[in-house]
Amino acid sequence: MAEGTTRFDYDVIVVGFGMAGVCASIAAAESGARVLVVDRALGGGASALSGGVVYAGGGTSYQKAAGYDETPDNMFNYLRLEVNGVIDDETLKRFCDTSVDRLAWLERHGARFAGPLCDYKTSYPTDRHYLYFSGSEKAHPFCLHAKPAPRGHRQVAKGMSSGRVLWTSLRDSALRLGVTFMPRTRVDELVMVDGVVRGIRCRTWIDDGSPAIERHRRAADAGAKLTNWVPPLGHRLNRIADRLWQRSAEERTFSSPNVILSAGGFIFNRDMVRRYAPDHELVNPLGTEGDDGKGIELGVSAGGATDHLERVTAWRFLSPPAAMLEGITVGVNGERIGNEDIYNAALAEIMIRQFGGKGFLIVDSAIWKRAKAQLSTQTLAFQKAQTAAVFTTGHRVAPTLPKLAEKLGVSVTGLLKTVEAYNQAIATGAEDPAHKAADLCTPIKQGPFYGVDISVRRALTDFVPGLTLGGLKVDGDSGLVLSETGSTIPGLYAAGRTAVGICSNSYVSGLALADCAFSGKRAGEHAAATCGEASSVKPDSTGSARI
């Protein structure tokens, strides 16, 4: 090493310790890099609050055990429709070709998946099943281009703890590999020298064993959990944690030739949502308050380009119970929104884009009775809580369809025309006008009739949650952030929802975590491989790194 130089503090710094961040840190550490991970909270992010579903295919052992001997090409043919060009075919092909190995890699680091296959269509399986059709695999038009196969691999755990268990297992593996983790750390800016990343400036609160640290931990942990389900209480706890942090945080600078931004999306930044995705302003934020766009802003400050910031996934699940899919969804004009068996975030997107965010699920008494009978076997506790509103105060009932339409504020003539076309197709054996699978088509003719308001709206219960999908543009081979001119920014990477990725056009359950694993692993491996190219720096007068 030349006289007067000093080594970087770390080979790789990862900003954000959710699924993408933990996979990046593991991949870099496995390659021998000295890794620092910083997180504004306690780690986990939206990933730890998720259902712990990883979208995987191309012939996983769990698919084969369920009787599906899928190929990577078949998985590619399906996802190519979902992705719709937001990433190049070569990158998508690599995502599919490496899916089996990546799932096994996650398992080597503590993840645990299993069967059996769920035998009914659901948004999230009960603890009896850990493999399911988590997207639109069986639905039109996807089933015309790829043989349907189940790809939703859920981490084995009880209820909605799967995400937390998955992330915790990976975190523990990262720490065993020697990764340094600094929670309660917020990055204020990137250290840049002549357009090259050289570290971060941040504020951090080191655990000093004080009672305030424990109070912060309790408030931050509870706030993260409650923000999605009881927002007023969650926000209050987050404010308490923030005040404690503000009192004790100290400024620090860490040097590194590689920084990986994996700090989530921006669904909690209402200004950014209104600016880039105003059609989704009424979507209820899902994730943590760390999903405020800071990671994206850091990338932009270094010259990074963004794309697809208007893309937001919003969930309006119709099932479970599965019988509800036998009904039809209509807009205020009474016209069909779409085939109800597609992934219901896709259905919600059509409702938002083409129907002003207003929609209704229409069923008859026979379907309603079957749905109620399925509640005890097809729902977990959180799903029972969600459907409780539907089956109590969240519906309207009327003896005839015209009277139901009037109660819902739906066009009577439009609804009657739509129901008639639906019933006629079933009676004659013709294809459903909206192309719903035949085994889910049941005539709507037996009164009384029920209508459920599935519109996007602000509410304490029965709200429509969502998260942002766009972010920084990255190179498909390395994960390096791209500038507006298309060149890579040396040393700066982005992964997960901070970056444009596999699910930046449309989302199906498990695709975000799978993309986090793919993009995080890609960035970590590439960053570690370049460590020797810039192993030493001189500190400038401010303490930040310069060549």
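Just so you know, these numbers come straight off a predicted model, no measurement behind them.
- Of the charged side-chain nitrogens involved, at least one lies within less than 4.0 Å of a carboxylate oxygen, so that Asp73 and Lys93 count as a salt-bridged pair.
- Of all the heavy atoms in Val412 and Glu406, the pair that sits closest is CG2-CG, 4.0 Å.
- Ser506 places a side-chain N or O within 3.5 Å of a backbone atom of Glu82 that can act as its donor or acceptor partner.
- Side-chain atoms of Asn344 come within 3.5 Å of backbone atoms of Ile342 as a donor-acceptor pair (strictly under, hydrogens ignored).
- Between the side chain of Ser99 and the backbone N or O of Cys96, no donor-acceptor pair lies under 3.5 Å.
- Taking the six-membered ring where tryptophan is involved, the planes of Trp368 and Tyr450 are essentially parallel, since the angle between them stays under 30° and well short of 60°.
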Salt bridge (Lys or Arg N to Asp or Glu O under 4.0 Å) between Arg154 and Asp127, worked out: CA-CA 10 Å; Arg154 177 187 160 203; Asp127 294 343; 2.8 Å; yes
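- Under the 4.0 Å criterion applied to side-chain N and carboxylate O atoms, Arg80 and Asp89 are assigned as salt-bridge partners.
- Distance alone, capped at 3.5 Å, is enough to place a donor-acceptor pair between the Asp341 side chain and the Ala437 backbone.
- Interatomic distance, Phe355 CZ to Ile350 CD1, rounded to the nearest 0.5 Å: 8.0 Å.
- Among Asp364, Val419, Val410, the single residue meeting the side chain to side chain contact (heavy atoms under 4.5 Å, CB included) criterion with Leu401 is Val419.
- Remark: side-chain polar atoms of Arg316 are paired, donor with acceptor, to backbone N or O of Ile454 under 3.5 angstrom.
- A salt bridge between Asp515 and Arg497 is present, with a side-chain N of the basic residue lying under 4.0 Å from a carboxylate O of the acidic one.
- Ring-plane geometry between His153 and Tyr62 is classed as perpendicular, the angle between the planes exceeding 60 degrees on a 0 to 90 degree scale with a lower cut at 30.
- The two atoms that bring Gly159 and Tyr124 nearest to each other are O-OH, 3.3 Å, heavy atoms only.
- Other residues, nucleotides and ligands place no more than 12 heavy atoms under 6.0 Å from the CD atom of Glu420.
- Side chain of Ser162 to backbone of Gln155: a donor-acceptor contact under 3.5 angstrom is found.
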Pair Arg336-Asp432, salt bridge (Lys or Arg N to Asp or Glu O under 4.0 Å): steps then yes or no: CA-CA 11 Å; Arg336 193 90 169 268; Asp432 171 42; 2.9 Å; yes
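- For Thr313 (side chain) and Ala345 (main-chain N/O), no donor-acceptor pair under 3.5 Å exists by modelled atom type.
- Aromatic rings from Phe133 and Tyr120 are positioned such that their centres are separated by 6.0 Å or more.
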Intermediate values then yes/no, side-chain hydrogen bond (donor to acceptor under 3.5 Å, both in side chains), Tyr68 and Lys147: CA-CA 10 Å; Tyr68 292 85; Lys147 184 178 179 181; over 6 Å; no
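- By the 4.0 Å N-to-carboxylate-O rule, Arg353 lies close enough to Asp279 to be salt-bridged with it.
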